[in-house]
Protein chains: 2
Amino acid sequence: MKLTTKGRYAVTAMLDLAIHAKASPVTLQDISGRQGISLSYLEQLFAKLRKNDLVKSIRGPGGGYQLQGAADSVNIAKVIDAVNESTDVTACGGKGNCHDGQQCITHDLWCELSEQIHSFLSGITLQDVIDKQQLKKQNQPSTDKGAESLTHNTFILSQVG
Amino acid sequence: MKLTTKGRYAVTAMLDLAIHAKASPVTLQDISGRQGISLSYLEQLFAKLRKNDLVKSIRGPGGGYQLQGAADSVNIAKVIDAVNESTDVTACGGKGNCHDGQQCITHDLWCELSEQIHSFLSGITLQDVIDKQQLKKQNQPSTDKGAESLTHNTFILSQVG
DNA sequence: ATTTACCCTACTATTTTACTCAGGTATAAT
DNA sequence: ATTATACCTGAGTAAAATAGTAGGGTAAAT
């Protein structure tokens, strides 16, 4: 599990799609303008998103991209994994044969934690993120500083449970 | 919130410290050997960990590093933030002044999600990760494939709640 | 036929990562 | 005191990832 700006771009673009591509598809040009990502870079990201069946494309004039499924069927982990593809990460090639026992402990620990993070992000869909934002907007019209931690935890619980 | 191999190294090293530095401090030489990270790179990482009061150093022969606090008082988010330092991330400088309303929506959505992830990792301490691994070892002596998701979620719930 | 907008490959600049080198300083042991 | 240890620091550097450019294609709507 890797969480870089690349994955951020992908998630941001997917959220943009989820919001704007209700009826007609959205062009990469539009996303590029709204999110400040270069068109060609978006094309590269969407090539990967398409290969992973996360989006579908419509060619020609009036064409663009749409989510392949519903916004509540696409989770964040899938999106990030799609653009990152094949992060082996493990020093010993995942076979756990890096010398004898002791050496491998912390290595295993990290793998365990990495799975936790992945599992966590698998439980959050694009729709969840959008809904949460709507809720926040309603509760706090303009000023929005402070008192964050509590609402976060309740959100997490509602997602996982 | 960024989750790169750099952060992985830092977390791995901290876990190594938590396990080995019970009585006497641990040298970077030792961690370097166990975890396969170059000594000088470790020195750079630990300089940042020290500045953030996550570890304390003992100089001279017999010296090395120890955790500043107890293993259950250090959370994963702190460790990762310490070595990454200042990820502005936001395209509009966090002031939310990137044009009018619409443009900023997905931007806000990502920030929201990013906070969720941060909050999630703040709820997991080094000790938690170690404990979880111990538990896994006991339940499954050697073969450890399949049936993962369920135990993960219970772990997450126990951490956050 | 022309325009639109996806599609694809290769190339390049920038940044980050990970490491090396070359010194220093505090401390324990002799 | 001297020496060895191991932290500390900064500058430089190779490799990789990120982000973007360039230059072509192809499918489809007008």
Side-chain angles (χ1 to χ4, degrees), chain A residues 1-13 17 20-21 24-33 35-68 80-89 91, chain B residues 1-13 17 20-21 24-33 35-52 54-68 80 82-89 91:
Chain A
M1 195 71 219
K2 235 170 53 174
L3 189 63
T4 63
T5 46
K6 192 177 188 176
R8 182 176 89 86
Y9 279 148
V11 172
T12 302
L17 266 193
H20 294 97
S24 55
V26 166
T27 68
L28 294 187
Q29 200 88 258
D30 289 345
I31 299 178
S32 173
Q35 306 305 330
I37 311 168
S38 87
L39 179 60
S40 292
Y41 193 47
L42 275 175
E43 284 181 336
Q44 287 169 42
L45 294 179
F46 272 79
K48 291 179 179 178
L49 293 173
R50 206 174 70 87
K51 273 174 198 152
N52 288 74
D53 290 318
L54 292 174
V55 297
K56 60 182 167 188
S57 62
I58 296 110
R59 286 184 152 197
Y65 283 94
Q66 282 178 319
L67 294 182
Q68 182 63 259
I80 292 172
D81 285 340
V83 295
N84 282 340
E85 69 186 26
S86 80
T87 44
D88 48 349
V89 160
Chain B
M1 194 71 218
K2 236 171 52 172
L3 189 63
T4 64
T5 46
K6 192 178 188 175
R8 183 176 89 84
Y9 279 146
V11 172
T12 301
L17 264 194
H20 294 97
S24 56
V26 167
T27 68
L28 294 187
Q29 200 90 257
D30 288 346
I31 299 178
S32 173
Q35 306 304 332
I37 311 167
S38 86
L39 179 61
S40 292
Y41 193 46
L42 277 175
E43 283 179 338
Q44 286 168 44
L45 295 179
F46 272 78
K48 291 179 178 178
L49 293 173
R50 205 174 71 88
K51 272 172 199 153
N52 288 75
L54 293 174
V55 296
K56 60 182 167 189
S57 62
I58 294 110
R59 286 184 151 194
Y65 284 94
Q66 283 178 319
L67 294 182
Q68 182 65 257
I80 292 172
V83 295
N84 283 341
E85 69 185 26
S86 80
T87 45
D88 48 347
V89 160

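All values below come from the heavy atoms of this structure, side chains included, with hydrogens, waters and symmetry mates left out. Naming: A, B, ... by sequence-line order, numbering from 1 per chain.
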Could you give the [atom1]-to-[atom2] distance, from [X] to [N], as a whole number of Å?
X	N	atom1	atom2	answer
B:Asp30	D:dA6	CG	C1'	11 Å
A:Leu39	C:dA5	CG	P	11 Å
B:Gln66	D:dA6	CD	C1'	14 Å
A:Leu42	C:dC7	CG	C1'	14 Å
A:Gln35	D:dA19	CD	P	14 Å
B:Leu45	C:dA18	CG	C1'	9 Å
B:Gln29	C:dC19	CD	C1'	15 Å
B:Lys48	C:dT16	NZ	C1'	10 Å

If only side-chain N and O atoms of [X] are considered, is one of them under 4.0 Å from the OP1 or OP2 phosphate oxygen of [N]?
X	N	result
B:Tyr9	C:dT16	no
A:Arg59	D:dA29	no
B:Tyr41	C:dC19	no
A:Thr5	D:dA19	yes

For [X], which contact category applies under a 4.0 Å heavy-atom criterion: base, sugar-phosphate, or nothing?
X	answer
A:Ser57	sugar-phosphate
B:Phe46	nothing
B:Leu28	sugar-phosphate
A:Ser40	base

Exercise for the section: Select from A:Pro61 and A:Gly7 the residue whose nearest nucleotide in DNA chain D is closer to the 5' end of that strand. Expected result: A:Gly7
Handout entry: Contact nearer the 5' end of DNA chain D, comparing A:Ile58 with B:Gly60
Key = B:Gly60
What's touching nucleotides 11-17 of chain D from the protein side, N or O pairs under 3.5 Å?
none

Going from [atom1] on [X] to [atom2] on [Y], what distance comes out if it is rounded to the nearest 0.5 angstrom?
X	Y	atom1	atom2	value
A:Asp30	A:Gln35	CG	CD	11.0 Å
A:Met1	A:Asp81	CE	CG	5.0 Å
A:Leu28	A:Ser57	CG	OG	9.5 Å
B:Leu3	A:Lys2	CG	NZ	10.0 Å

Problem - Set of side chain to side chain contact (heavy atoms under 4.5 Å, CB included) partners for A:Gln44, sequence neighbours left out - result: A:Tyr41
Handout entry: Within 6.0 angstrom of A:Glu43 CD, more than 12 heavy atoms from elsewhere
Key = yes
Problem - Closest to the A:Glu43 side chain, choosing from D:dA4, D:dT9, C:dC6 - result: C:dC6
Fill in the blank from the handout: Smallest heavy-atom separation, B:Tyr65 atom then B:Leu17 atom, equals O-CD2, 3.3 Å
Practice task
Could you tell me whether a side-chain N or O of A:Ser32 sits under 3.5 Å from a main-chain N or O of A:Ile37, the two making a donor and an acceptor?
Solution key: yes
